[in-house]
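Here's the structure we're looking at; comments come further down.
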Amino acid sequence: QSNLTLNQVRINGNKATVGGGVVNATGGTLTIVGSTLDNNQSVKAGDGSEGDGGGVGVYTGTVALVNSTLSGNTAAGSGGGLVFLDGTLALNNITIFGNTADVGGGVSVGTTDNVSIVHSIIAGNTGTSAGPDCSGKLTSQGTNWVQSTTNCNVVDADGITNTTST
């Protein structure tokens, strides 16, 4: 397992089958601070698999995103901005806006219960099949805005404002 910290970087215009911008597949620690991941793509492999995590793709590990923006990313599968399958994820003062995926246009979370969100905005994303802004479970630590909670379970919603786009 490895540790990677990205501080004040822009990751733009990349393409991969998982994590168009960056991927954490082996259970290490990924920290992204003061950064922008935009206009990255996650595309299906030749066998039709993958295509998840346009901006960030995480199979397993400990991940923290702080004071950063995920925007304009696309995924053929899940998680236009971010796909997170297992481990621990902390989103602090994050903007996830304008991303597109089949499921979870902004964020797609697997079966884990270890995703916390504080002082963040998840809005204006597109899920072509389900979950425009998010899919899966998010634990709010307060002062967040998730524009559409369709297919998204926000728990401990202390200070969260939920509206549904029309």
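- A donor-acceptor distance shorter than 3.5 angstrom exists from the side chain of Asn144 to the backbone of His119, with no hydrogens or angles considered.
- When atom types are taken as modelled, the side chain of Ser35 and the backbone of Val9 share a donor-acceptor pair closer than 3.5 angstrom.
- Taking CZ of Phe97 as the start and CG of Asp38 as the end, the distance is 13.0 Å to the nearest 0.5 Å.
- Side chain of Asn99 to main chain of Asn73: a donor-acceptor pair is present (N/O by atom type, distance under 3.5 Å, no hydrogens or angles).
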Item checked: Steps toward side chain to side chain contact (heavy atoms under 4.5 Å, CB included) verdict (Leu70, Val56) -> CA-CA 9 Å; Leu70 305 176; Val56 179; 4.2 Å; yes

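- More than 12 heavy atoms of other residues, nucleotides or ligands sit less than 6.0 Å from atom NZ of Lys44.
- At least one donor-acceptor pair under 3.5 Å links the side chain of Ser42 to the backbone N or O of Thr17.
- When each of Asp133, Ile117, Leu82 is checked for a side chain to side chain contact (heavy atoms under 4.5 Å, CB included) with Val107, only Leu82 meets the rule.
- Side-chain atoms of Asn3 never come within 3.5 Å of backbone atoms of Gly28 as a donor-acceptor pair (strictly under, hydrogens ignored).
- Note that the CG atom of Asn24 and the OG1 atom of Thr62 stand 8.5 Å from one another [nearest 0.5 Å].
- Using a 4.5 Å cut-off between side-chain heavy atoms of Ile, Leu, Val, Met, Phe, Trp and Tyr, with links allowed through other members, Val43 and Tyr59 fall into different hydrophobic clusters.
- Atom CG of Asn93 is separated from atom OG1 of Thr95 by 7.0 Å, given to the nearest 0.5 angstrom.
- Checked by atom type and distance alone, the side chain of Ser68 pairs as donor or acceptor with a backbone atom of Gly34 at under 3.5 Å.
- Using a 4.5 Å cut-off on side-chain heavy atoms (C-beta onward), Cys134 and Val146 make contact.
- For the pair Ser135 and Cys152, the minimum side-chain heavy-atom distance is 4.5 Å or more.
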Item checked: Pair Thr139-Ser116, side-chain hydrogen bond (donor to acceptor under 3.5 Å, both in side chains): steps then yes or no -> CA-CA 5 Å; Thr139 301; Ser116 66; over 6 Å; no

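- Taking CG of Leu30 as the reference point, atom OG1 of Thr5 lies at 8.0 Å (rounded to 0.5 Å).
- Here the shortest heavy-atom pairing between Gly61 and Phe84 reads O-CZ, 4.0 Å.
- Each of Asn114, Thr112, Asn153, Val115 was compared with Lys137 under the side chain to side chain contact (heavy atoms under 4.5 Å, CB included) criterion, and only Asn153 meets it.
- A donor atom on one side chain and an acceptor atom on the other are found under 3.5 Å apart for Asp102 and Thr128.
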Check: Is there a side chain to side chain contact (heavy atoms under 4.5 Å, CB included) between Val22 and Leu37 once you walk through the steps?
Finding: CA-CA 9 Å; Val22 63; Leu37 286 82; 3.8 Å; yes

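- Taking 4.5 Å as the limit, every side-chain heavy atom of Gln41 sits out of range of all side-chain heavy atoms of Asn14.
- Side-chain heavy atoms closer than 4.5 Å link hydrophobic residues (I, L, V, M, F, W, Y) into clusters, and following such links, possibly through other members, connects Ile11 to Ile94.
- The two residues Ala101 and Gly104 make their nearest non-hydrogen contact at CB-O, 3.8 Å.
- Taken to the nearest 0.5 Å, the CD1 atom of Ile96 stands 4.5 Å off from the CD1 atom of Ile122.
- Between Thr29 and Val63 the shortest side-chain heavy-atom distance does not fall below 4.5 Å.
- Checking side-chain atoms of Asp52 against main-chain N and O of Ser78 turns up a donor-acceptor pair under 3.5 Å.
- When all heavy atoms are compared, the tightest approach of Ser129 to Val103 is CB-CG2, 4.4 Å.
- Taking hydrophobic clusters as Ile, Leu, Val, Met, Phe, Trp and Tyr residues chained together by side-chain heavy-atom distances below 4.5 Å, Leu4 shares a cluster with Val58.
- No path of Ile, Leu, Val, Met, Phe, Trp and Tyr side chains, each step under 4.5 Å between heavy atoms, connects Leu89 with Val18, placing them in separate hydrophobic clusters.
- In the hydrophobic clustering of this structure, Leu138 does not group with Val118; members are Ile, Leu, Val, Met, Phe, Trp, Tyr whose side-chain heavy atoms approach within less than 4.5 Å, directly or through other members.
- By the 4.5 Å heavy-atom criterion applied to side chains, Pro132 and Thr150 are counted as neighbours.
- Distance check, rounded to the nearest 0.5 Å: CZ of Arg10 to CG of Asn39 gives 7.0 Å.
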